[in-house]
Amino acid sequence: MIGVAARLHADEVRTDADLVRRLLEQQFPDWAGLPIERVPSAGSDHVLYRLGTELVARLPRKKGVDAQVDKEREWLPRLASSLPAELPVPIARGTPGAGYPFFWSVYGWLEGENPPVHGVGNARLATDLARFVDALRRIDPAGGPPAGEQNFFRGAPLPVRDGPVRTALAELDGVIDTTAAAAAWDWGLRVRPWPGPAVWVHGDLTPENILVRDGRLAAVIDFGCLGVGDPGCDLMVAWTVLSADARAVFRAASDVDDATWERGRGWALSTGLIALPYYKDTNPPRAANARYRIDAVLSDLRRSE
């Protein structure tokens, strides 16, 4: 993707098509002769390499991310039949080799385009996303991984993000209206916490993890933050992907109470604040979306005053 640095993290392990070829030759020789092409992406945990026309290799960028390999292999096949969108199909699990230190995956290729980073005014997509989030939270969560460090605390009570948000606000002084953002965050922290049982959450419903075909939701990808917790977490998609008008459609189609909706807005604000200073120099699409969701939240609150 234009503008995205080849290296996003200080502890990132370098990958390239030659490495992927060597891994395939060692572990999956039947695929070693396929064309290999790096996939442009604003994703931050993995690098993707398309293998021919039907497969994609997904290589973690850094330590700790490869734990997602087994989680997705366990849960995606169980969840897929209950959801109104395609999910990645795990085909093979790669192991460390050829100088590469992590477990990695091969999936089936999914066609589609990411929505733009500055919001989509598409009512059909808004309804599709609401139905996806609602369907996911209705799946039996028994045995699902609880919200915690392994999924970046997605679905945990919103106050667990207070420390990183305060740090980000200090780093963003002079970049955004930090006074308004801090007031919005303080307001979000006062919202009633989730009182019900934990439910499934994707945890990272942002443009790079959504695929659209013909204006409709086609697939949801990258379930590395998958876990069970507060459903408010996934409502952040209303501010990460949708325009104000489409957000109203999403809200009308969502089966959630007002407090859960407000926590979703808090999640959108917190993820935007934390992402913006981290990615502003290395991942312009992700930084642009972070700024978009911050502005969307603040605009929402100004309209409600």
Side-chain angles (χ1 to χ4, degrees), residues 114-134 137 154 157-159 161-162 164-166 168-194 201-207 209-210 212 215 217 230-277 280 285-305:
N114 299 126
V117 297
H118 294 103
V120 178
N122 181 334
R124 294 190 304 170
L125 179 59
T127 301
D128 290 345
L129 287 168
R131 289 174 177 167
F132 178 89
V133 170
D134 186 60
R137 66 176 288 200
R154 301 301 169 90
L158 198 56
R161 303 182 66 77
D162 189 51
V165 166
R166 302 295 175 186
L169 285 167
E171 294 173 340
L172 290 170
D173 187 36
V175 178
I176 66 167
D177 185 346
T178 52
T179 300
W185 177 242
D186 288 340
W187 189 88
L189 291 176
R190 294 193 293 269
V191 175
R192 176 175 61 86
W194 174 240
V201 296
H202 175 279
D204 199 22
L205 291 175
T206 54
N209 294 332
I210 291 168
V212 176
L217 178 65
D230 175 4
C233 176
D234 276 352
L235 297 184
M236 69 178 175
V237 70
W239 292 268
T240 63
V241 172
L242 302 174
S243 69
D245 289 344
R247 189 155 54 249
V249 174
F250 180 98
R251 176 69 176 99
S254 298
D255 182 20
V256 296
D257 58 73
D258 290 343
T260 300
W261 180 253
E262 300 299 343
R263 290 194 307 279
R265 184 156 57 189
W267 271 98
L269 178 62
S270 71
T271 56
L273 291 171
I274 294 168
L276 182 54
K280 64 183 179 64
R286 179 166 280 205
N289 184 252
R291 188 182 286 270
Y292 173 78
R293 72 185 82 161
I294 294 168
D295 290 343
V297 168
L298 297 183
S299 295
D300 262 12
L301 291 174
R302 284 194 294 268
R303 282 195 295 269
S304 65
E305 291 176 351

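Among D255, L235, V256, the one residue that satisfies the side-chain contact (heavy atoms from CB on, under 4.5 Å) test with V133 is L235. None of I274, L189, L269, L273 except one satisfies the side-chain contact (heavy atoms from CB on, under 4.5 Å) rule with R161; the exception is I274. Under the side-chain hydrogen bond (donor to acceptor under 3.5 Å, both in side chains) rule, D258 has a single partner from R192, R263, R251, which is R251. Among the candidates D295, L301, I294, the single residue satisfying the side-chain contact (heavy atoms from CB on, under 4.5 Å) test with V297 is L301.
Remark: side-chain polar atoms of N289 are paired, donor with acceptor, to backbone N or O of T240 under 3.5 angstrom. Between the D230 side chain and the P157 main chain, no donor and acceptor come within less than 3.5 Å of each other.
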>> Apply side-chain hydrogen bond (donor to acceptor under 3.5 Å, both in side chains) to residues R302 and S299 and explain how you reach the verdict.
In response: CA-CA 5 Å; R302 284 194 294 268; S299 295; 3.1 Å; yes
> Given V249 and D245, is the side-chain contact (heavy atoms from CB on, under 4.5 Å) satisfied, shown in steps?
Replying inline: CA-CA 7 Å; V249 174; D245 289 344; over 6 Å; no
> Is there a side-chain hydrogen bond (donor to acceptor under 3.5 Å, both in side chains) between W185 and D162 once you walk through the steps?
Replying inline: CA-CA 9 Å; W185 177 242; D162 189 51; 2.8 Å; yes
>> Run the side-chain contact (heavy atoms from CB on, under 4.5 Å) test on L158 and E262 for me, step by step, so that the C-alpha distance in whole Å, both residues' side-chain angles and the decisive distance to 0.1 Å come before the verdict.
In response: CA-CA 11 Å; L158 198 56; E262 300 299 343; over 6 Å; no
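Contact detail for A287 and K280: the closest heavy-atom pair is CB-CA, 3.7 Å. When all heavy atoms are compared, the tightest approach of A290 to A275 is CB-CB, 4.0 Å. When all heavy atoms are compared, the tightest approach of R303 to A244 is NH2-CB, 3.8 Å. The two residues P277 and L172 come nearest to each other via the heavy atoms CD-CD2, 3.8 Å. A181 approaches I176 most closely through the heavy-atom pair CB-CD1, 4.1 Å. Nearest heavy-atom pair, A126 versus F250, reported as atom, atom and distance to 0.1 Å: O-CD1, 3.4 Å.
The shortest side-chain heavy-atom distance between V237 and I210 falls under the 4.5 Å cut-off.
Note: H118 and Y292 have perpendicular aromatic rings, judged against thresholds of 30 and 60 degrees for the angle between ring planes.
Between R166 and D186 there is a salt bridge, since at least one side-chain N of the basic residue sits less than 4.0 Å from a carboxylate O of the acidic one.
Atom-to-atom distance recorded for T260:OG1 and D234:CG is 12.0 Å, nearest 0.5 angstrom.
A side-chain donor from one of W239 and D300 sits under 3.5 Å from a side-chain acceptor of the other.
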